Amino acid sequence: MQQVAGKSGAVLRIDLQAVRGNYRLLRSKLGTAHCGAAVKADAYGLGAVPVAQVLYDEGCRHFFVAHLEEAISLRPHLPDAAQIIVMHGSPVGYEAEFLEHRCMPVLNSREQILAWRKLAAQKQTALPAIIQFDTGMARMGLSAAEVEQWRADPDFIQGIAVRYAMSHLACAEDQSNPMNRQQLQRFQQVRQLLPAAGGSLANSSGIFLGPDFHFDLARPGAALYGIAPVAGQENPLFPVAHLQGRIIQTREISAGATVGYGATWQASETTRIATVAVGYADGWLRSLSNRGIAQIAGRDVPMVGKVSMDTITLDVTQIASEHLQPGALVDLISATNTVDAVAGKASTIAYEILTSLGARYQREYTDRKPDGKPDGKQ
Ligand SMILES: *Cc1c(COP(=O)(O)O)cnc(C)c1O
């Protein structure tokens with residue numbers, strides 16, 4: 001185990017070369033369709049700026065965020081040729097900021113369409129946008145009723161240059177779910193309203209549903225960050241996030257002694273406990289209490305006791321003391337204990353593990369240009 005002197009409780013290494021590799025793999029599956037990238041929520045906690053910059057370098061030109069505020073923060077870090085697309089659309093009254101910050105809204109409702117149309121009329125120019133249709137998520141996008149109203153109103157999108165018709169799949173990671181085909185059919189129907197616009201349906205898992213789902217622009221997020229796209233199948237993507245926590249101290253406890261809040265774990269024999277400086281305040285979810293594992297010198301060790309705010313405790317009885325010195329790092333997310341595996345133990349999805357990753361971690365970015373030379377961009 002590597003011994004690194006450091007002031008932080010944990011080191012989060014983000015492998016940008018793996019992000020590049022994942023982007024290439026997704027693009028190769030997409031054929032002629034464009035491969036965009038969901039970089040919302042700070043690129044799922046991994047850093048929107050460094051991630052978007054390597055993706056731009058790989059040829060990505062469509063970057064999806066949720067909020068206008070995220071787009072405004074990202075805009076100065078990407079060249080003009082990058083489109084930054086705000087999936088929530090404009091908050092009421094903020095339409096003009098999209099022009100000021102050169103980003104594009106997804107229009108999700110009649111209200112958002114009318115507001116965008118009004119701005120286009122004021123500016124006396126066609127304004128680009130994406131229009132989202134609800135095909136089964138019941139979350140965002142025009143409803144079937146709004147689509148009917150549109151059919152009756154030929155001026156509905158006057159002044160709006162619709163680049164893509166968009167919708168979002170509810171069950172894409174479950175390839176046998178009939179909902180996927182149903183949503184595809186609905187999407188094909190509503191797209192007839194916009195014969196000149198491209199189509200955008202697939203998230204990460206949608207790309208793996210096959211070419212029928214690709215249309216003109218995909219919007220993967222999770223797969224870029226190494227999350228498994230297909231339930232029950234081997235993950236073809238490279239792991240991106242590697243988390244190591246630092247040992248603060250170790251102790252030996254006797255049979256019968258308990259560990260942590262609530263005394264939920266009791267030693268049945270003499271046990272060596274290591275305390276590691278990562279807790280639920282760092283996004284190491286409390287649901288991992290008495291369930292998660294860490295790895296030391298390649299061996300799995302169980303987490304025992306409740307996750308505290310700043311610490312976890314491990315049963316390291318089987319580990320040689322040379323690996324247990326204060327300051328030593330233990331693996332919490334690795335190529336063999338993946339974000340998906342951690343999520344399984346925490347009864348959640350890998351998306352939540354990544355987006356919860358702590359602000360207190362020391363973050364290290366590694367990258368190599370495709371020619372194999374270190375990038376230096378860090
Ligand atoms: C988050 C999101 C995506 C990306 O989804 P992944 O499953 O992470 O690939 C794509 N489209 C929409 C509308 C989203 O909200």
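All values derive from a computational prediction rather than experimental measurement. One is the number of the first residue; the rest follow in order along the sequence. Counting starts at 1 for both ligands and their atoms, following the listed order.
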**Student:** List the closest protein heavy-atom neighbour of atom 11 (N) of ligand 1: residue, atom name, distance to the nearest 0.1 Å.
**Tutor:**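 It is R219 NE, 2.9 Å.
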
**Student:** Under 4.0 Å from ligand 1, counting heavy atoms only, is it the side chain of Y351, its backbone, both or neither?
**Tutor:**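 The part of Y351 near ligand 1 is the side chain, not the backbone.
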
**Student:** Show me which atoms of ligand 1 lie under 4.0 Å from any heavy atom of A38.
**Tutor:**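 So the atoms of ligand 1 that pass are 4 (C).
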
**Student:** Going by the atom numbers of ligand 1, which of them fall below 4.0 Å from some non-hydrogen atom of K40?
**Tutor:**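 Checking each atom against K40, I get 1 (C), 2 (C), 3 (C), 14 (C), 15 (O).
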
**Student:** Within the distance-only criterion (no hydrogens, no angle test), does the side chain of Q112 pair as donor or acceptor with the backbone N or O of N108 below 3.5 angstrom?
**Tutor:**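 Side chain of Q112 to backbone of N108: a pair is present.
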
**Student:** Looking at ligand 1, does M166 have a heavy atom less than 4.0 Å from it?
**Tutor:**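 It does; at least one heavy atom falls under 4.0 Å.
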
**Student:** By number and element, which atoms of ligand 1 are closer than 4.0 Å to a non-hydrogen atom of A222?
**Tutor:**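 Every atom of ligand 1 under 4.0 Å from some heavy atom of A222: 6 (P), 8 (O), 9 (O).
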
**Student:** Between D80 and R102, does any side-chain N to carboxylate O distance fall below 4.0 Å?
**Tutor:**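 The answer is yes: the pair qualifies as a salt bridge.
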
**Student:** Does atom CD (Q158) have a neighbourhood of more than 12 heavy atoms from anything else shown, all under 6.0 Å?
**Tutor:**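 Open: at most 12 neighbouring heavy atoms sit under 6.0 Å from CD of Q158.
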
**Student:** Starting from the C-alpha separation in whole Å, work towards a yes-or-no answer on salt bridge (Lys or Arg N to Asp or Glu O under 4.0 Å) for D134 and R186.
**Tutor:** CA-CA 9 Å; D134 176 19; R186 287 182 201 142; over 6 Å; no

**Student:** Return each pair, listed once, that meets ring pair (Phe, Tyr, Trp, His ring centres under 6.0 Å) where at least one residue sits in residues 160-189; pairs must be two or more places apart or across chains.
**Tutor:**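 Residue pairs with at least one partner in residues 160-189: H62-Y164, F187-F215.
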
**Student:** Taking only non-hydrogen atoms of Y44, do any sit less than 4.0 angstrom from ligand 1?
**Tutor:**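 It does, in that a heavy atom of Y44 comes within the 4.0 Å cut-off of ligand 1.
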
**Student:** Using a strict threshold of under 4.0 Å (side-chain N to carboxylate O), is an ion pair present between R13 and E364?
**Tutor:**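 Looking at R13 together with E364, the answer is no, because their closest N to O distance does not fall below 4.0 Å.
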
**Student:** For Y225, state whether at least one heavy atom is located under 4.0 Å from any atom of ligand 1.
**Tutor:**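 The answer is no, since Y225 has no heavy atom less than 4.0 Å from ligand 1.
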
**Student:** Just to confirm my output: which protein heavy-atom neighbour is closest to atom 5 (O) of ligand 1, and how far is it?
**Tutor:**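 Atom 5 (O) of ligand 1 sits closest to the protein heavy atom N203 CB, 3.4 Å.
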
**Student:** Could you see which bit of H168 sits under 4.0 Å from ligand 1, with heavy atoms only: side chain, backbone, both or neither?
**Tutor:**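 The part of H168 near ligand 1 is the side chain, not the backbone.
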
**Student:** For R139, state whether at least one heavy atom is located under 4.0 Å from any atom of ligand 1.
**Tutor:**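 So R139 counts as touching ligand 1.
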
**Student:** Are any of the N/O atoms on G221, whether in the backbone or the side chain, positioned under 3.5 angstrom from an N/O atom of ligand 1?
**Tutor:**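 Min N/O separation from ligand 1 is below 3.5 Å for G221.
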
**Student:** Any donor and acceptor pair, going by atom type alone, linking the side chain of R246 with main-chain N or O of G327 inside 3.5 Å?
**Tutor:**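 Such a contact is found between R246 side chain and G327 backbone.
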
**Student:** Does a side-chain N-to-carboxylate-O contact under 4.0 Å join E146 and R110?
**Tutor:**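 Answer for the salt bridge query: no.
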
**Student:** Looking only at heavy atoms, is any part of S204 under 4.0 Å from ligand 1, and if so is it the side chain, the backbone, or both, or is it neither?
**Tutor:**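 Both backbone and side chain.
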
**Student:** Quick check: are there more than 12 heavy atoms from other residues, nucleotides or ligands sitting under 6.0 Å from OH of Y94?
**Tutor:**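 No - once you tally the heavy atoms of other residues, nucleotides and ligands closer than 6.0 Å, there are 12 at most.
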
**Student:** Quick one: does P220 get a heavy atom under 4.0 Å from ligand 1?
**Tutor:**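 In this structure, P220 qualifies as a contact of ligand 1 - some heavy atom is under 4.0 Å.
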
